[in-house]
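The structure under discussion appears below in the form of structure tokens.
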Amino acid sequence: MKLIRFGEPGQEKPGLEIKDARYDVSNLVRDYNEFFFAKDGIAKLATDFNKGNASEISQDVRLGPPIARPSKLICIGLNYHKHAEELGMEAPKEPVVFFKSTTAITGPYDNVMIPRGGEKTDWEVELAIVIAKTARYISKDKAMDHIAGYTLHNDVSERAFQLERCGQWVKGKSCDTFAPLGPCLVTKDEVPDPHNLNIWLSLNGQTMQNNNTKDMIFDVPTLVSYLSEFMTLLPGDVISTGTPEGVGFGFDPPVYLRPNDIMELGIDRLGTSKQKVAAFRPQSYGNGTEMHRYK
């Protein structure tokens, strides 16, 4: 199944995408949140949904992030061999872990806003995992049992905040609108091999990133198992698995985002998203609610 959320920011309702049609399932599900995943909501929804009794959603309605704000958005750095190479760094011996504030989460077609003082805003297309059930000290062979599905993530980064402000990466990762998710959450049964998916991003029509998830250093089960050693993973939590080569910071000279730039990105089976870059506006806080959207 493909789970979507639709409506204005903060007022999204749950829906399903089936082939080219979208359906409102708010009569069956309150939201795609921790409670939904913890109560085996995907299986129940698959049983209860009847297309004949569901109202269809217009294609013009805004899509929000496909899950309600999770307890955690965990990111993995330097997880593609070629990305480590382009930065002149050795492949890490263990996953590089950092957090991204959940207030950065926004919809797949919402604008990305350059933050106040931002000078080096960059893009990162990533495969994101959504956790299905609580995970603590999970072995690799059990890790896939704890996955609900996958979604597309643009891990937008302000490199000046991330690398030049004497602190953790989270400062350059957590600005408002810096985590577009979606367009949908694709359940894991529709992604038989997450380690063989083409992944790409273009800027103003020019391909910048183009690789395959087989280039990941640490695979999906490894990441879930590894993180569960250090923290409890809750239903609905998101793990973003790193980006391939082709980020702006890796070019010589570097290339960074500017107002009115257009990013388009995609992963096999997960769909595509598109964001327009907007200049900082003091009134545009919190998920870009007051900002004009690309679509």
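The figures that follow rest on heavy atoms only: side chains count, while hydrogens, waters and symmetry mates do not.
For Lys173, the side chain to side chain donor-acceptor pair (under 3.5 Å) partners are Glu124, Asp155, Ser157, not counting sequence neighbours. Ser240 is linked by a side chain to side chain donor-acceptor pair (under 3.5 Å) to Glu126, His153, counting only residues two or more places apart in sequence or in another chain. With sequence neighbours left out, the ring-ring contact (aromatic ring centres under 6.0 Å, His included) criterion links Tyr32 to Phe36. Applying the side chain to side chain donor-acceptor pair (under 3.5 Å) rule to Asn196 yields the partners Asn212; only residues at least two apart in sequence or on another chain are considered. Taking the salt bridge (Lys or Arg N to Asp or Glu O under 4.0 Å) definition, one finds that Lys2 meets it with nothing, sequence neighbours left out. By the side chain to side chain donor-acceptor pair (under 3.5 Å) test, Ser55 is found to be paired with no residue, residues two or more places apart in sequence or in another chain being considered.
A salt bridge links Lys120 with Glu164: the distance from a Lys NZ or Arg NE/NH1/NH2 to an Asp or Glu carboxylate oxygen falls below 4.0 Å. Asp40 has no carboxylate O lying under 4.0 Å from a charged side-chain N of Lys133, or vice versa, which leaves the two without a salt bridge.
Side-chain atoms of Asn111 and Gln275 form no donor-acceptor pair, as typed in the model, at a separation below 3.5 Å. Under the 3.5 Å distance criterion, with hydrogens and angles disregarded, a donor-acceptor pair is assigned to the side chains of Asp219 and Thr222. In this structure, a donor-acceptor pair under 3.5 Å is absent between the side chains of Ser273 and Glu264.
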### Task
Would you check, one step at a time, whether the test salt bridge (Lys or Arg N to Asp or Glu O under 4.0 Å) holds for Lys82 with Asp215?
CA-CA 7 Å; Lys82 291 182 180 179; Asp215 191 49; 5.7 Å; no
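Looking only at distances, no side-chain donor or acceptor of Gln162 sits under 3.5 Å from a matching main-chain atom of Ala160.
Here ring pair (Phe, Tyr, Trp, His ring centres under 6.0 Å) pairs that include residues 230-275, with residues two or more places apart or in two chains, are Tyr226-Phe230. The list of ring pair (Phe, Tyr, Trp, His ring centres under 6.0 Å) pairs with a residue in residues 163-219, not counting sequence neighbours, reads Phe98-Trp169. Under the ring pair (Phe, Tyr, Trp, His ring centres under 6.0 Å) criterion, no residue pair touches residues 66-92, with sequence neighbours excluded. Listed by first then second residue, pairs satisfying ring pair (Phe, Tyr, Trp, His ring centres under 6.0 Å) with a partner in residues 3-30 read Tyr23-Phe49, not counting sequence neighbours.
Phe161 belongs to no hydrophobic cluster with other residues, because no ILVMFWY side-chain heavy atom falls under 4.5 Å from its own, directly or through intermediates.
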Under 3.5 Å, which donor-acceptor pairs do the side chains of residues 179-192 form with other protein atoms, sequence neighbours left out?
unit_1	atom_1	unit_2	atom_2	d
Thr187	OG1	Met1	N	2.7
Thr187	OG1	Met1	O	3.2
Thr187	OG1	Asp189	OD1	2.6
Lys188	NZ	Met144	O	2.4
Lys188	NZ	Ile147	O	3.4
Glu190	OE2	Met1	N	2.7

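For the pair Val277 and Thr121, the minimum side-chain heavy-atom distance is 4.5 Å or more.
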